[in-house]
Amino acid sequence: MSLPHVPDSVSRHTVMAICEHLELDPKLVESLEFSTYGLYVAFHATNSAGRRLSDGSGVARHRIYIPYTEEGAL
């Protein structure tokens with residue numbers, strides 16, 4: 001069995017660029033999870049003033065699923 005090439009590390013600049021390309025605020029993104037049919041994004045919940053909210057045991061989080069589409073599809 002062989003594994004595909006996996007880099008030893010990924011630069012913070014690359015991750016920030018991915019978030020910005022996806023129109024996500026990289027300061028709020030906690031994780032990106034790529035799946036077969038879409039992308040899961042976990043990010044910190046904030047109030048209207050931009051302050052992070054608490055769920056009683058830490059920072060509140062949202063986990064959103066964004067489905068993939070075909071290029072040019074409506």
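FYI, side chains are in, hydrogens and waters are out, and symmetry mates aren't considered; it's all heavy atoms of this structure.
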For T36, does its backbone N or O pair with a side-chain atom of Y68 as donor and acceptor, under 3.5 Å?
-> no

With rounding to the nearest 0.5 Å, note down the distance linking CG in L53 to NE2 in H44.
-> 11.5 Å

Separation between CD1 of I64 and CG of L24, rounded to the nearest 0.5 Å | 10.5 Å

Taking the side chain as every heavy atom from C-beta outward, state whether R63 and E33 have any pair of such atoms under 4.5 Å apart.
-> yes

Does V15 sit in a hydrophobic cluster with other residues, and if so which ones, taking ILVMFWY side chains as linked at heavy-atom separations under 4.5 Å, directly or through other members?
-> V10

Indicate, with yes or no, if V29 and F34 share a hydrophobic cluster defined by side-chain heavy-atom contacts under 4.5 Å among Ile, Leu, Val, Met, Phe, Trp and Tyr.
-> yes

Evaluation steps, side-chain contact (heavy atoms from CB on, under 4.5 Å), between I18 and L32 | CA-CA 10 Å; I18 290 169; L32 298 172; 4.0 Å; yes

Heavy-atom check, side chain of T46 versus side chain of L28, under 4.5 Å = yes

Assess whether side-chain contact (heavy atoms from CB on, under 4.5 Å) is satisfied between C19 and V41, documenting all intermediate values.
-> CA-CA 10 Å; C19 288; V41 181; over 6 Å; no

Cation-pi check, R61 to F43: give yes when NZ or CZ is under 6.0 Å from the six-membered ring centre and within 45° of the ring axis, no otherwise.
-> no

Non-hydrogen atoms of K27 and R52 that approach each other most closely = O-NH2, 3.2 Å

Check whether any side-chain heavy atom of Y40 lies under 4.5 Å from a side-chain heavy atom of S35, and answer yes or no.
-> yes

Is there a path from L22 to I66 through hydrophobic residues (I, L, V, M, F, W, Y) whose side chains come within less than 4.5 Å of each other?
-> yes

